[in-house]
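Presented below is the structure to which this report refers.
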Amino acid sequence: MDFVARHTAVPVPKVYDLFSGRLHGSKDVLHLVMEYVPGVELERLWGRMEEEDRLEIVQQLRGYISELRRLKPPRPGAVESVYSRPCQQQTIRSEPFGPFPSVKEFQRFLELERTAVREYTTTFTHGDIAPRNIIVRGNKIVAILDWESAGWYPEYWEYTRTVAPMVCRQFIRTSVPE
């Protein structure tokens, strides 16, 4: 979040502390102490919002994602988290993985190399843009949370991480009997 706060106008909470420690006898986990940002998760409000307010939120979010995508990667073409560290995507693997020197290597790791139809650039990606991670007050985004998956990913990654889970949920809702 510090990287995003230093290089963009995307609203993120201030980070006060980051430390490692055991939680109930488990292995070491990272603990993040951050600013409390008053507001409500967009997930709780979306269904009750006026169309005009929804459009305002969408415009803001589009602007913030565009701003993230304009950031210049430290190693163009490499797929990695912030500061050239391993990637964190819990839906792919519980342990960190990578970094990868190229999008092709990343796709090979995901066993997607046969689906790559062209070369892709890497852009800065949140990795988990979802209404549960967007805090709003009225029709204004006041914070975007949950940056643990953020990093330099193929230009299509934000879309796949945002849309694919919704499509899967819709498929399950409509296809799997209760």
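As the structure is a prediction and not an experimental result, all values here were calculated from the model.
For Y16, the ring-ring contact (aromatic ring centres under 6.0 Å, His included) criterion is met by no residue, not counting sequence neighbours. For Y36, the ring-ring contact (aromatic ring centres under 6.0 Å, His included) criterion is met by no residue, not counting sequence neighbours.
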Stepwise side chain to side chain contact (heavy atoms under 4.5 Å, CB included) check, V4 with M1: CA-CA 5 Å; V4 173; M1 289 189 297; 5.6 Å; no
Candidate pair I135 and E41, rule side chain to side chain contact (heavy atoms under 4.5 Å, CB included), full reasoning: CA-CA 5 Å; I135 305 298; E41 296 93 353; 3.9 Å; yes
Report the C-alpha distance between L32 and V15 in whole Å, list the side-chain angles of each, state the deciding distance to 0.1 Å, and finish with yes or no for side chain to side chain contact (heavy atoms under 4.5 Å, CB included). CA-CA 7 Å; L32 178 68; V15 175; 3.5 Å; yes
Stepwise, does the salt bridge (charged side-chain N to carboxylate O under 4.0 Å, His left out) test hold for R69 with E158? CA-CA 10 Å; R69 293 172 71 89; E158 196 80 80; over 6 Å; no
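Atoms CG and CD, on N133 and E148 in that order, are 9.5 Å from each other to the nearest 0.5 Å. Rounding to the nearest 0.5 Å gives a distance of 6.5 Å between OH of Y153 and OG of S81. Taking CG of L110 as the reference point, atom OG1 of T160 lies at 9.0 Å (rounded to 0.5 Å). The structure places CD1 of I144 at 6.5 Å from NE2 of H126, a figure rounded to the nearest 0.5 Å. The CZ atom of R54 lies 10.5 Å from the CG atom of L45; values are rounded to the nearest 0.5 Å. For the atom pair OG1 of T123 and OH of Y156, the computed distance is 10.5 Å after rounding to the nearest 0.5 Å.
P13 is listed as a side-chain neighbour of V37, based on a closest heavy-atom distance under 4.5 Å. Looking only at side-chain heavy atoms (C-beta outward), V79 and C87 come within less than 4.5 Å of each other. In this structure, the side chains of P99 and R75 come closer than 4.5 Å at one or more pairs of heavy atoms. You'll find the side chain of T8 stays beyond 4.5 Å of the side chain of F124, heavy atoms only. Between E67 and V10 there is a side-chain heavy-atom pair separated by less than 4.5 Å. Residues I57 and V136 meet the side-chain proximity criterion, which asks for heavy atoms closer than 4.5 Å. Annotation: side chain of R70 is not in contact with side chain of L68 (no heavy-atom distance under 4.5 Å). The closest side-chain heavy-atom distance from R85 to E80 is not below 4.5 Å.
Cluster annotation: V33 and V12 are assigned to distinct hydrophobic clusters (Ile/Leu/Val/Met/Phe/Trp/Tyr, side-chain heavy-atom contacts under 4.5 Å, transitive). Taken together through direct or relayed side-chain contacts under 4.5 Å among Ile, Leu, Val, Met, Phe, Trp and Tyr, L55 and M49 form parts of separate hydrophobic clusters.
Put simply, the side chain of E56 never gets that close to the backbone of N139: no donor and acceptor are under 3.5 Å apart. Using a distance-only test at 3.5 Å, with no hydrogens or angles considered, a donor-acceptor pair links the side chain of Q60 to the main chain of I141. In this structure, the side chain of S94 does not engage the main chain of Q90 through any donor-acceptor pair within 3.5 Å. A donor-acceptor pair under 3.5 Å links the side-chain atoms of Q89 to the main chain of S149, judged by distance alone.
With 3.5 Å as the limit, one finds a donor-acceptor pair spanning the side chains of T121 and E155.
Scanning both residues, Y64 and P11, for their nearest heavy atoms gives CZ-CD, 3.3 Å.
Sorted by first and then second residue, the salt bridge (Lys or Arg N to Asp or Glu O under 4.0 Å) pairs involving residues 2-20 (not counting sequence neighbours) form an empty list.
By the neighbour-count criterion of 12 heavy atoms within 6.0 Å, atom CZ of R44 is sparsely surrounded, having that number or fewer from other residues, nucleotides or ligands.
In this structure, F106 and F97 have parallel ring planes: the angle between them is below the 30° cut-off, well short of the 60° mark.
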